[in-house]
Every structure is written in structure tokens, then in C-alpha cells.
Amino acid sequence: MQTTVKTLEAIRPFVTPDTKYLFQVLLNATSVVEANIALDLLRKSVPDKILVRAVNLREVLKSLPPSPFAMAVDERTLLRVTGMVKDLAVFKKSTPDGYELVTTTAGNLVLDVIIKRGDDKFFWTPVPVTSDFINPELIGHLIESDYLVQEVVELIQAMGVVFNPTFYLSVDDWHLEHARETMEGLGDLF
């Protein structure tokens, strides 16, 4: 997951007040049309190399399961593998930069993944999952933190959930992969 840390380090300088919303749409919109428009607008001020990293981060977020979902391990195994601790009805683990990753389960059913920082609490999955992969309020935190994305991915993998994002080598590769869906989506808009 060093790649994720390097990706976040590379993206951070380009997330400015002018580009913040476009990055949020690119990373988190379930609509390929919206992500494509954001990508094309960002291309005017952000190098393609950075945008490829952002598109690949999008694929990571897209590949994470929305809650609730079944895990392939029991709660005891999850605690042992992840290093989380049980606190009443939740399992939790802290990151070195002050975030807390909290999971609520019922047997092998994961009810939700919650990110806490201080008094702030964010549910990973928006309800309902319609226009965003994850809670939009978390995007800024994911970009800020060197640990949060990595910890969530490692948690999902420890749960035995299939995690196999598609990665792209260029912005054009991403455009080609999603050309048909984008054109159909644009047709629906007009």
C-alpha cells in the first residue's frame, strides 16, 4: 500500500480551493459522466501523471464494498488479523495521525465502517448509495491522511472480501475504458 501513500502525497499539492470540488467529484462520483467532466476540467491545471494517480485512487474507492456487506471471517479472526480491539459492540483501531477506524458487525455481517477524529464521526457508506461511493465528507480526510485509505483497504482485505481494483496507465486509458458509458450518460442528459 506504499503506492497509495505516494499517490496521496502526489495529489495533495494540486488539491486547492479551486480544484477541491473537482477532485471530490472525480474520486467519488458514481456517475462516470460526472467523473469524466471533472477529469477533463482538472486536465487544464493538473498534470496527467497526477490525474492518473487520482483515477486509480477512484478505482480503489469504487472497489470497496458499501455497507452492509458479508465478510468471509468471523469476528474473532477479524480481531486477531487486524489488531483491532473490541469496545462494547464495536471493533476499533487508531491510525498514527489521530483517526480511529471503527467497525460494527453482527456475526459475519459488517454493518458499517466508521471513521472518527476527535468528536467528528463519519459513516463510510452514504445512505443511500446513489451518487457517491463513500461519504463525501471523508474525501478531504482521505487526501490529508497517509494512513486512512491504507487502513480501510487492509481492513477489507482482512475481512476476506474480494478487493481487485482496475488500474490505468494513462488518462486516455481511463477515457477509452469508459467511453461507451460516458456517451450513453451524456445522451441521457440531453
Side-chain angles (χ1 to χ4, degrees), residues 1-5 7-8 11 23-35 54-168 177-178 181 185:
M1 287 309 303
Q2 283 292 10
T3 306
T4 305
V5 173
T7 293
L8 292 167
I11 291 172
F23 270 106
Q24 180 175 328
V25 171
L26 174 60
L27 294 173
N28 201 25
T30 57
S31 164
V32 173
V33 174
E34 290 178 23
V55 165
N56 287 334
L57 180 57
R58 170 190 170 78
E59 293 299 316
V60 167
L61 298 177
K62 177 182 169 186
S63 296
L64 296 170
S67 299
F69 60 91
M71 61 180 171
V73 299
D74 59 24
E75 292 173 333
R76 184 180 303 156
T77 303
L78 180 65
L79 284 172
R80 185 174 41 82
V81 171
T82 61
M84 298 179 101
V85 295
K86 186 170 185 168
D87 183 17
L88 299 175
V90 301
F91 304 129
K92 60 184 183 177
K93 181 179 185 179
S94 296
T95 64
D97 57 351
Y99 286 95
E100 194 170 39
L101 183 63
V102 178
T103 303
T104 57
T105 63
N108 74 331
L109 182 66
V110 177
L111 301 174
D112 214 330
V113 175
I114 303 162
I115 308 299
K116 292 175 70 177
R117 188 168 201 188
D119 293 334
D120 296 329
K121 177 171 62 170
F122 308 98
F123 289 88
W124 186 263
T125 303
V127 177
V129 177
T130 53
S131 59
D132 296 302
F133 297 123
I134 67 169
N135 183 339
E137 295 178 61
L138 279 171
I139 294 296
H141 295 282
L142 294 179
I143 292 172
E144 281 177 22
S145 174
D146 283 337
Y147 304 97
L148 208 46
V149 174
Q150 177 179 335
E151 289 289 341
V152 171
V153 168
E154 288 175 2
L155 173 64
I156 297 303
Q157 290 174 325
M159 291 174 170
V161 176
V162 174
F163 175 74
N164 192 18
T166 303
F167 291 112
Y168 298 98
E177 179 75 22
H178 298 288
E181 192 175 346

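FYI, side chains are in, hydrogens and waters are out, and symmetry mates aren't considered; it's all heavy atoms of this structure.
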The reported gap from CD in Q24 to CD in E34 (rounded to nearest 0.5 angstrom) is 11.0 Å
For L26 and A54 the tightest heavy-atom approach is CD2-CB, 3.8 Å
Parallel, tilted or perpendicular: which fits the ring planes of H141 and F122, with parallel below 30° and perpendicular above 60°?
tilted
Do the non-hydrogen side-chain atoms of F23 and I139 ever get within less than 4.5 Å of each other?
no
Quick one: pull up CG in L79 and NZ in K93 and give me the separation to the nearest 0.5 Å.
11.5 Å
With V90, which residues qualify under side-chain contact (heavy atoms from CB on, under 4.5 Å), at least two apart?
D87, V102, T104
Could you tell me if the side chain of E151 sits less than 4.5 Å from the side chain of Y99, heavy atoms only?
no
Taking the side chain as every heavy atom from C-beta outward, state whether Q150 and V153 have any pair of such atoms under 4.5 Å apart.
no
Considering all heavy atoms of both residues, which atom of A35 and which atom of A29 are nearest to each other, and what is their separation?
N-CB, 4.5 Å
Value rounded to 0.5 Å, distance of CG in L138 from CG in L27:
12.5 Å
With sequence neighbours left out, which residue pairs that include part of residues 72-86 fulfil the salt bridge (Lys or Arg N to Asp or Glu O under 4.0 Å) condition?
none
Which of these, I114, L111, L109, T125, sits in a side-chain contact (heavy atoms from CB on, under 4.5 Å) with S67?
T125
Side chain N28, main chain F133, donor-acceptor under 3.5 Å:
yes
Report yes if the side chains of L101 and W124 come closer than 4.5 Å at any heavy-atom pair, otherwise no.
no
Report, as yes or no, whether the 6.0 Å neighbourhood of atom NZ on K116 holds more than 12 heavy atoms from other residues, nucleotides or ligands.
no
For P66 against F69, the heavy-atom pair lying closest together:
O-CD2, 3.5 Å
Separation between CD1 of I134 and CG of L61, rounded to the nearest 0.5 Å
5.0 Å
Which pair of non-hydrogen atoms, one from M71 and one from T105, has the smallest distance, and what is that distance?
CE-CG2, 4.0 Å
Under 4.5 Å between any side-chain heavy atoms of T7 and V60, yes or no?
no
Restricting to non-hydrogen atoms, name the atom on M84 and the atom on F91 that form the minimum distance, rounded to 0.1 Å.
CE-O, 3.5 Å
Answer whether the closest heavy-atom distance between the side chains of L155 and L78 falls below 4.5 Å.
yes
Rounded to the nearest 0.5 angstrom, the CG-CD distance for N164 and Q157 is 10.0 Å
Restricting to salt bridge (charged side-chain N to carboxylate O under 4.0 Å, His left out), what partner residues turn up for R117, sequence neighbours left out?
E144
Which atom names give the shortest non-hydrogen contact between S63 and P165, and what distance separates them?
OG-CA, 3.2 Å
Within a strict 4.5 Å, meaning less than it, do heavy atoms of the I115 and L142 side chains meet?
no
Taking the side chain as every heavy atom from C-beta outward, state whether V81 and V73 have any pair of such atoms under 4.5 Å apart.
no
